[in-house]
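Each chain gets a letter, A, B and so on, in the order its sequence line appears, and its residues count up from 1.
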Amino acid sequence: MALISNGTTIFDAGSMASGLGGSMVFIKKLTASGSATLSFVDGSDGVVLDDTYKEYLFIFKDIHPSADNENFAMNFSVDTGSNYNVTKTTTYFQAYHNENDSVTALGYSSNKDLAQSTDFQYLSNSIGSDNDQQTAGIVHLFNPSSTTFVKHFISRFNIANSSEYTVDNYVAGYGNTTSAVDAIQFKMTSGNIDAGTICLYGIS
Amino acid sequence: MGVISNGTTLLDAGALDSGIATGDMTLISTSTASSSATIDITSGIDSTYKEYIFKFIDIHQATDGADFQFQVDTGTNTSYNQTITSMGILSYHQEDDSAAALGAHSGSAILHQETGFQDLGRSLGNDNDQSLSGELHLFEPSSTTFVKHFMGVINEAANDNGTNQRFVAGYVNTTTAITRIRFKADSGNIDSGTIKMYGIK
């Protein structure tokens, strides 16, 4: 049954009419607890990662590694999570400042970007494992279901790093595939994700 | 028909009541390019929101190496020639790993009290799988007191087969309310792509 007010459909077929609700729609929250990986797979456990939205937003809070100086990374899948090995070309730069004020700088990190590589892409590097240290940030993923274009992503994280720096981290690039990306996995490149949450939103 | 629950109006006259909590990011319009010389958004930019976000989804241009640009205008004017001062940053990396660097924009990529179009993406590739995606924030366009700040971040597949992340920021140096925005390629058409405009409460 639809609910129509003054000629305007408010609700129909189990959902609110487009434009009446907010445009940032919560989809799924994953919580790390000594986790080797955290994966969002379309069609699994309530995850939507398909042509429902043209943009997806991941928000990372208090991602804490199990070991000091670890790197938080991601990869895409085009086979609903059977393999996380999409070819990527990416950029990586950082602005940083240490707690004792002896170093501040902005620079490109040529050893952390990827050139047509299927490796996991670092989003944060050298994260500290002190009890109060972690990394937090966002990843925008554009039109992952396209079968025409590469898959652009844009991320920004801040890191409490293992050498007592704050690091403002910018990573972007594209998955160089025209297959639909239908899953994404996050992990530490060594050790586990001790704690933290990742929330997935669709932008309608 | 209105819907009232426990004395509170939930919806009436075809709209949710303003007191009902919804998201604070509201889709206003969606524009789809189809060999378009320009994409003009001429309604919905007013004092309703203090911030507007434009999302670019897989903008694909007809001409290899063309730039993707914007300009704004006031009232019902169609000149799209407001004075802009801007700055930008580029981070790039070639697919063959031959070059990667970070640097500030210069030259024609930025404007200094100029009325030309502001580049958001530059030297885009037009291979079938190449495109641009990203977003542009425009702050309080309806102000009649202040300049109008904007900030954009883009990722693009460049015509020399690399990835470029661009940051563009600046202000439209006018105290007249901005009511419209135009997007175009500096050469040829926008072959395909989607531009969504959101208001932020």
Side-chain angles (χ1 to χ4, degrees), chain A residues 3-11 16-26 53-55 87-95 106-117 140-143 146-156 170-174 176-178 201 203-204, chain B residues 1-3 10-16 20-28 30 53 55-60 89-98 100-103 125 127-135 153-157 161-167 192-194 196 198-199 201:
Chain A
L3 177 58
I4 299 171
S5 173
N6 201 30
T8 300
T9 298
I10 306 296
F11 298 99
M16 187 181 293
S18 175
L20 291 179
S23 294
M24 181 172 163
V25 179
F26 173 78
Y53 301 99
K54 292 279 193 181
E55 178 187 355
T87 299
K88 296 173 292 301
T89 296
T90 65
T91 57
Y92 201 112
F93 71 93
Q94 303 176 314
L106 168 69
Y108 192 89
S109 301
S110 58
N111 61 342
K112 299 182 186 69
D113 60 8
L114 298 177
Q116 295 297 88
S117 170
H140 298 262
L141 175 62
F142 296 93
N143 208 9
S146 171
T147 54
T148 303
F149 295 112
V150 301
K151 310 302 182 296
H152 294 284
F153 71 91
I154 296 173
S155 75
R156 184 177 182 182
Y170 296 82
V171 185
Y174 48 75
N176 200 352
T177 178
T178 55
Y201 300 85
I203 308 298
S204 62
Chain B
M1 180 190 78
V3 173
L10 300 178
L11 61 93
D12 195 12
L16 292 176
I20 301 302
T22 59
D24 291 332
M25 178 177 174
T26 303
L27 177 64
I28 300 170
T30 299
I53 301 177
K55 299 276 190 178
F56 312 107
I57 312 295
D58 285 333
I59 302 295
H60 180 77
I89 297 169
L90 168 64
S91 176
Y92 67 92
H93 188 197
Q94 302 298 100
E95 290 183 2
D96 63 5
D97 208 20
S98 61
L102 171 69
D127 292 354
N128 287 340
D129 64 346
Q130 291 183 310
S131 66
L132 167 155
S133 291
E135 64 184 27
V153 58
I154 296 294
N155 203 76
E156 64 198 29
N161 297 322
T163 184
N164 295 339
Q165 186 182 19
R166 293 186 189 277
F167 299 82
S192 63
T194 303
K196 292 189 169 193
Y198 300 87
K201 294 177 184 172

Which bit of B:A157 is near chain A, if near means a heavy-atom gap under 4.5 Å: side chain, backbone, both or neither? both

Between A:Y170 and A:F93, is the gap from one ring center to the other below 6.0 Å? yes

Using non-hydrogen atoms and a 4.5 Å limit, figure out which bit of B:N155 sits close to chain A: side chain, backbone, both or neither. both

With a 4.5 angstrom heavy-atom cut-off, could you sort out which part of A:L114 is near chain B: side chain, backbone, both or neither? backbone

Does the side chain of B:I28 come within less than 4.5 Å of B:Y198's, by heavy atoms? no

Step by step, would you call B:N161 with B:Q94 a side chain to side chain donor-acceptor pair (under 3.5 Å)? CA-CA 6 Å; B:N161 297 322; B:Q94 302 298 100; over 6 Å; no

Do you know which of B:D96, B:D127, B:N128, B:V153 has the most heavy-atom pairs under 4.5 Å to chain A? B:N128

In terms of heavy-atom proximity below 4.5 Å to chain A, should B:F167 be classed as side chain, backbone, both, or neither? side chain

Which bit of A:Y174 comes within less than 4.5 Å of chain B, counting heavy atoms only: side chain, backbone, both or neither? both

Hey, which of A:T89, A:N143, A:N176 is the one that makes side-chain contact (heavy atoms from CB on, under 4.5 Å) with A:V150? A:N176

Quick one: what part of B:S192 sits under 4.5 Å from any heavy atom of chain A, side chain, backbone, both or neither? side chain

A:T90/A:F153 under side chain to side chain contact (heavy atoms under 4.5 Å, CB included): CA gap, chis, key distance, verdict: CA-CA 9 Å; A:T90 65; A:F153 71 91; 3.7 Å; yes

In terms of ring plane angle, is the pair A:F149 and B:H60 parallel, tilted or perpendicular, where the classes change at 30° and 60°? tilted

Sort out for me which of A:T178, A:I203, A:I154 touches chain B most, counting heavy-atom pairs under 4.5 Å. A:I154

Between B:E95 and chain A, with a heavy-atom cut-off of 4.5 Å, which part of the residue counts as in contact: side chain, backbone, both or neither? both

Which atom pair, heavy atoms only, marks the closest approach of A:V171 to B:Q165? C-OE1, 4.4 Å

What part of A:S146 is in contact with chain B, defined as an atom under 4.5 angstrom from a non-hydrogen atom: side chain, backbone, both or neither? side chain

